[in-house]
Amino acid sequence: MSQYNSADTPDSDHIHDEQTRDRKPTDRDCPCCRVCGLTAERAEEVDELSDHHDHRDRDHDRQVEEHHEPSDHAHDGHASHDHEAHVDHAGHEEMFKQRFVVCFVLSLPVLYYSEMLQEWFGYTAVAFPGSEFIAPILGAVVFIYGGVPFLRMGAVEARNREPGMMLLISLAITVAFVYSIAAVGFGIGEPLFWELVTLIVIFLLGHWIEMRSVRRASGALDELAELMPDTAERITDRGDVEEVRVDDLAGDDLVLVRPGANVPADGIVEEGESNVNEAMITGESQPVKKEPGDEVIGGTTNRDGSLRVRVTATGEETTLSGIMRLVEEAQQSRSRTQVLADRAAGWLFYAAIGVAAITAIAWTVAIGFGLGVVERVVTVLVIACPHALGLAVPLVVAINTTMAARNGMLIRDRIAMEEARNLDTIVFDKTGTLTKGEQGVVDVTTTDGWNENELLAVMAAAEGDSEHMIAEAIREEADDRGLTVPSVREFEALGGRGVRATVEVDAAATSGVDGDQDRDSETVHVGGPNLLRHLNVEPTADLEAFADEAGSRGQGVVYLIRNGDVVGAVALADVIRDESFEAIDALHGMNVEVAMLTGDSEDVARAVSEELTIDTYFAEVLPEDKDKKIIELQEQGKLVAMVGDGVNDAPALTRSDVGIAIGSGTDVAVESADVVLVENDPRDVAHLVRLSRKSYRKMQENLVWAAGYNVFALPLAAGVLAPIGILLSPAVGAVLMSVSTVIVAINAQLLRRADLSV
């Protein structure tokens, strides 16, 4: 296993300078405005429409500006990162939800008093003085309260000459409102208040669904910061211990790190020995033994011994702060992804304007300008409003999200979910993702007179009082085999070498053990190569060959020694998940390449890669290098997903086109990811790709249904079949538009039948 030593320590300034050279944000969008197709430079205008009820969003202009500027504020350990710089998207979602609820309630009386609906359904609305004004008044309220957000966003699209969904919606609801007011005031036709409120309510619903899908928490940097303790125990010149804030630590301070505590800053061990868990920072799958002269990293966890550490780096100079910068820069570098429905709406906008103009000219020439021409133009513009188009994508997204959750996937970023269909390379972190992140017995060998079960039973007995992970692995293997473990006495841990214990060997009669064997209590040793050298014993040639082969696969070997003879050995390694084999086979079946990143040694990486038939692997990779490997793959023109579970994976998760976190991983990995695998099952990565492809296909079908309706209905609305007596009124056109919405909704529901099994 590779260790994070002083030669490998990343200089934080070097990390920052090297990474930022290739990470200048190009099109820094406000993520909450991607739905509207608006860039960050226009987020200020969009924010004016929201009237957020959350007081945090009153500072949205400042937040967006800070969110999209490269970070140059000091981190000062973990307390100084200002997370207000990240836009709170919950306010946008809440705004559309509130407007939808209010407008839905107000639309019910409008529908009830609609003369057309009364005629269709054969009922007569309750009349009272002034009831004729219910539809106009409530329709106007819905238009102002529910429609103004779309009007303002449509105005932004118009000013930027990028017509899309918002401008098309604005056009349709404005035409419907003006025409309906004119119909009531001047009696020129049938008002369309019922269609007006229906349009607005449906689009508020669609936008609310979409905002909820897009919204994701931006707490990755907070979770990173929480790895650093708030206080440290500083040792004074007189030898006293005082508790101080981590921010008050300075270089060359001496601090005490007790067992179970997190290291408060980067430093060098001056006194003490202990095992330190660095998995969350370096990806090292085993705790690393620390002795005087060894380096420790701020944020890692001390395990079993006390350490006195001389501080070498604090604040933004620490390794953890360097990782935090990488995460923040990667977050800022996300580029704009245009929503399919918005592009279709842009094309439809030009088509509607063109058809409306042609209709006006043609009918004016044919019959002269009058009410008939106005009705034709209104019908064209109302039908052009993408009732179905507005729900084509959000409905699929909502079902997609539900299906994903039922299959162990939580979707945090809808756009990344859509991108998953195009993935051609998926990069897995090894430890805790493809493997279980824990040691396990993978092979056993014995000399003559011993069998595997007897060997494991005796070793498990000798290791019974040890807390080391290797001891736990041996005991677990014995338990899995249902072995009876003999009793022990006089247990002794041999620091750095193994254990010694007196075992009642004759009690080790287990299935497969020769029944005629009768051994007295005897002292045995269990340990690795250091123990053999300490006892000055040599293994047999067969055991040496076993150890050499295990070493070539990156596996550790532990021996059982009895009466000066090595009687057997077990090989241990980080156990590969059974699900990993199926996941990689499934991805290969979908023509997706698989790569692996790990902080472990070349031997370990090669062995795991060969066993899983992985296409490419990168070994001994430090945190900043994981990020660089993703960039290297992207520069080859590949669309890359990263699957990981640790803090060291956070920059790569965020930098990748699609970040996928193992759910039981550290909180920061979850916060940095676009998709979270709740069940820790790598097969869900294949499920994700398959669901993304099926969902995108369903979106395409819905867009064809929605846009196809317009392609068919617009000419009818324009009156191309008028010579044969077929002429659509605005009301009938609105009904046809509603039918297309029903078709799109039914088609979206068919996605629930999709088979995601590997």
Side-chain angles (χ1 to χ4, degrees), residues 1-5 7-8 278-279 281-288 424-445 469-470 473 528-529 543-558 569-588 592-633 636 638 640-646 648-649 652 656 662 682-683 685-686:
M1 301 292 181
S2 65
Q3 295 186 4
Y4 197 98
N5 52 45
D8 297 323
E278 297 183 342
I281 301 294
T282 68
E284 183 66 52
S285 56
Q286 295 187 13
V288 179
D424 47 35
T425 302
I426 295 181
V427 182
F428 286 88
D429 173 58
K430 181 188 77 70
T431 305
T433 303
L434 292 174
T435 65
K436 294 182 179 180
E438 60 188 34
Q439 293 292 303
V441 174
V442 294
D443 202 359
V444 183
T445 189
M469 65 172 60
I470 289 178
L543 288 176
E544 282 189 352
F546 174 84
D548 290 341
E549 184 178 354
S552 68
R553 297 193 299 266
Q555 300 167 355
V557 177
V558 177
V570 298
L572 301 104
D574 191 0
V575 181
I576 297 175
R577 298 178 187 272
D578 293 336
E579 302 86 356
S580 297
F581 295 93
E582 296 180 51
I584 292 174
D585 287 344
L587 291 172
H588 283 158
V592 177
E593 293 184 11
V594 179
M596 182 180 71
L597 285 175
T598 179
D600 284 341
S601 67
E602 175 76 18
D603 289 338
V604 172
R606 182 177 61 253
V608 173
S609 177
E610 290 176 353
E611 188 167 357
L612 288 173
T613 65
I614 288 173
D615 301 298
T616 306
Y617 69 88
F618 305 96
E620 300 177 5
V621 184
L622 295 177
E624 66 274 19
D625 294 325
K626 287 192 175 186
D627 187 45
K628 291 176 182 176
K629 297 301 181 184
I630 298 296
I631 296 174
E632 287 178 13
L633 292 171
Q636 297 173 18
K638 297 179 178 180
V640 182
M642 172 67 191
V643 185
D645 73 329
N648 58 304
D649 302 322
S656 61
I662 290 291
R683 291 175 299 183
V685 178

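Nothing here was measured: the structure is a model prediction, and the numbers come from that model. We're numbering straight along the sequence, starting at 1.
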Just verifying a value: how many Å separate [X] [atom1] and [Y] [atom2], rounded to the nearest 0.5 Å?
{"X": "T598", "Y": "K626", "atom1": "OG1", "atom2": "NZ", "value": "6.5 Å"}
{"X": "K628", "Y": "L597", "atom1": "NZ", "atom2": "CG", "value": "13.5 Å"}
{"X": "R606", "Y": "I614", "atom1": "CZ", "atom2": "CD1", "value": "13.5 Å"}

**Item:** Non-neighbouring partners of E579 that pass side-chain hydrogen bond (donor to acceptor under 3.5 Å, both in side chains), sequence neighbours left out
**Value:** none
**Asked** Under the side-chain hydrogen bond (donor to acceptor under 3.5 Å, both in side chains) test, which residues partner E632, sequence neighbours left out?
**Response** none
**Message:** Among residues at least two apart in sequence or on other chains, which ones pass salt bridge (Lys or Arg N to Asp or Glu O under 4.0 Å) with K436?
**Reply:** none
**Request:** Would you please test T425 and V592 for side chain to side chain contact (heavy atoms under 4.5 Å, CB included) and show each step?
**Result:** CA-CA 6 Å; T425 302; V592 177; 5.8 Å; no
**Prompt:** Please, which pairs that meet salt bridge (Lys or Arg N to Asp or Glu O under 4.0 Å) have at least one residue in residues 610-619, sequence neighbours excluded?
**Reply:** none
On a heavy-atom basis, which atom in [X] and which in [Y] lie closest, and how many Å separate them?
{"X": "S656", "Y": "I630", "value": "CA-CG2, 3.8 Å"}
{"X": "D429", "Y": "G644", "value": "CB-CA, 3.8 Å"}
{"X": "A571", "Y": "Q555", "value": "CB-OE1, 3.6 Å"}
{"X": "P682", "Y": "S580", "value": "CG-OG, 3.6 Å"}
{"X": "F618", "Y": "V621", "value": "O-CG2, 3.4 Å"}

**Message:** Holding to side-chain contact (heavy atoms from CB on, under 4.5 Å), I want the full list of residues that pass it with V444, two or more places apart in sequence or in another chain.
**Reply:** V441, E452, L455, L456, R481, V570
**Request:** Could you tell me which residues satisfy side-chain contact (heavy atoms from CB on, under 4.5 Å) with A569, sequence neighbours excluded, listed by chain and number?
**Result:** T445, L543, F546, V557, Y559
**Asked** After noting the C-alpha distance and the side-chain angles of E593 and K638, does the key distance pass the side chain to side chain contact (heavy atoms under 4.5 Å, CB included) rule?
**Response** CA-CA 10 Å; E593 293 184 11; K638 297 179 178 180; 3.2 Å; yes
**Message:** Please identify which of these residues, T435, I584, D585, meets the side chain to side chain contact (heavy atoms under 4.5 Å, CB included) condition with L612.
**Reply:** I584
**side chain to side chain contact (heavy atoms under 4.5 Å, CB included) evaluation trace for I426 with V643** = CA-CA 7 Å; I426 295 181; V643 185; 3.8 Å; yes
**Asked** Hey, are the side chains of T616 and M596 touching, using non-hydrogen atoms and a 4.5 Å cut-off?
**Response** no
**Request:** Kindly indicate whether the side chain of V558, heavy atoms from C-beta on, has any atom under 4.5 Å from the side chain of I470.
**Result:** yes
**Under 3.5 Å donor-acceptor, R577 side chain and T433 backbone** = yes
**Request:** May I have the step-by-step check of side chain to side chain contact (heavy atoms under 4.5 Å, CB included) for I631 and L633, ending in yes or no?
**Result:** CA-CA 5 Å; I631 296 174; L633 292 171; over 6 Å; no
